[in-house]
Amino acid sequence: MNELLEALRCTYVVADWWPAESPYEVMVGAVLIQRTNWQNVAPVIEELRCRGLLDVDRMAITSVNELEAIIRRVGFFRQKAMRIKALAEHLVRYHCSDPAHLLNQELEVARNELMQLNGIGQETADAILLFAGGRPRFVAAVYVSRILSRTGIFVSSDYSEVQDFVESWLVRDRDVYARSYALLVQLAKDRCRSRPRCQGCPVRHLCSFSS
DNA sequence: ACCCAGGTGGCCC
DNA sequence: GGGCCACATGGG
């Protein structure tokens with residue numbers, strides 16, 4: 001595992017994995033990105049920004065219909081419109097419209113609260129905690145478990161198990177978590193998409209990708 | 001005409 | 001408690 005991370009560190013420089021100007025922007029993006037790609041999400045985020053909707057109070061009083069129209073191109077727009085609105089309403093109601101007020105609570109408390117919200121499961125909750133809150137929670141995305149299982153480093157399809165495993169190998173630090181996550185996902189994407197790169201794969205000797 | 005993309009929730013057995 | 005399925009759009 002250390003060998004894998006070491007090799008990755010030497011190969012990739014992942015700057016700005018989650019580009020955003022505010023924690024709230026990360027939270028909204030975390031819901032919008034589900035089952036889609038950043039290419040679809042980025043312009044939608046910009047549109048929300050132009051309309052002044054990357055603001056908790058504004059978002060909370062915007063109609064679902066209007067939100068649906070704006071975010072349509074991210075897919076799942078009806079659910080996601082409801083969800084980002086409900087998220088905003090929750091922040092207004094219980095956290096003085098301040099994401100930090102939610103995110104800075106004790107880690108498990110904040111995580112459980114996030115997961116109570118519709119559309120926020122384990123992975124999204126952890127992504128929000130890490131990238132919006134700067135809290136030490138490793139995001140055990142499918143890409144990560146895929147890399148670990150295909151390298152034979154750790155085989156499990158259970159989210160918490162994979163998360164615990166990776167966290168046990170890393171210094172409990174938000175930047176370490178964020179960086180390692182970005183590196184692993186980047187590797188997974190490279191390998192899935194452009195086969196030729198496999199020859200120059202930094203962890204070639206660790207990998208046995210046959211598919 | 002497929003398949004994938006930085007998931008979640010609900011229903012079924 | 002694991003295994004499907006809907007959710008919807010854009011790009012290869």
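No experiment lies behind these values; they were computed from the predicted model shown. We name chains A, B, ... by the order of the sequence lines, and we start the count at 1 in each one.
In this structure, the CG atom of A/Leu32 is 14 Å from the P atom of C/dG10, given to the nearest Å. In this structure, A/Ile120 atom CD1 and C/dC7 atom P are separated by 22 Å, rounded to whole Å. Remark: C1' of B/dG9 and CD of A/Gln34 are 11 Å apart, rounded to the nearest angstrom. A straight line from CD1 of A/Ile84 to P of B/dT8 spans 16 Å, rounded to a whole angstrom. Put simply, CD on A/Glu47 is 17 Å from C1' on C/dT9, counting in whole angstrom units. Going from atom CG of A/Asn40 over to atom P of C/dA8 covers 15 Å, rounded to whole Å. Taking atom CZ of A/Arg35 as the reference point, atom P of C/dG10 lies 17 Å away to the nearest angstrom. Residue A/Arg73 contributes atom CZ, which lies 12 Å from atom P of C/dT9 at whole-angstrom precision.
Checking A/Gln79 against A/Asn37, the closest nucleotide of DNA chain C that is more toward the 5' end is the one next to A/Gln79. Comparing A/Met115 and A/Val185 against DNA chain B, the residue whose closest nucleotide sits nearer the 5' end is A/Val185. Remark on DNA chain B: of its neighbouring residues A/Ala127 and A/Gln116, the 5'-side contact belongs to A/Ala127, judged by nearest-heavy-atom nucleotide.
Taking 4.0 angstrom as the limit, A/Tyr159 places none of its side-chain polar atoms (N or O) nearer than this to OP1 or OP2 of B/dG7. In this model, the phosphate group of C/dT9 is approached by a side-chain N or O of A/Arg72 to a distance below 4.0 Å at OP1 or OP2. Between C/dA8 and A/Arg78, a contact under 4.0 Å exists linking OP1 or OP2 to a side-chain N or O. Between A/Thr124 and the phosphate of B/dT8, there is a side-chain N or O to OP1/OP2 separation shorter than 4.0 Å.
When the nucleotides B/dA5, B/dG9, C/dA8 are ranked by their closest atom to the side chain of A/Arg83, B/dG9 comes out on top. With distances taken from any side-chain atom of A/Thr36 to the nucleotides B/dA5, B/dG9, C/dG11, the minimum falls on B/dA5.
C/dG2 and B/dA5 are spaced 24 Å apart, taking the C1' atom of each and rounding to whole Å. The P atoms of C/dG10 and B/dG9 are separated by 24 Å, rounded to the nearest whole Å.
Summarising the geometry, atom OG belonging to A/Ser145 is positioned 10.5 Å from atom CG belonging to A/Leu184; distances are rounded to the nearest 0.5 Å.
Judged purely by distance below 3.5 Å, without hydrogens or angles, the side chains of A/Asp126 and A/Tyr159 pair a donor atom with an acceptor atom. There is a side-chain donor-acceptor pair under 3.5 Å between A/His90 and A/Glu113.
Among the heavy atoms of the strands lying under 4.0 Å from A/Leu117 are primed sugar atoms or P, OP1, OP2 only; no base atom is included. Using a 4.0 Å heavy-atom distance criterion, A/Phe77 is classed as a sugar-phosphate-only contact.
At distances below 3.5 Å, not a single donor-acceptor pair connects side-chain atoms of A/Glu47 with backbone N or O atoms of A/Pro43. Counting only distance, with no hydrogens or angles, the side chain of A/Lys85 and the backbone of A/Met59 share no donor-acceptor pair below 3.5 Å.
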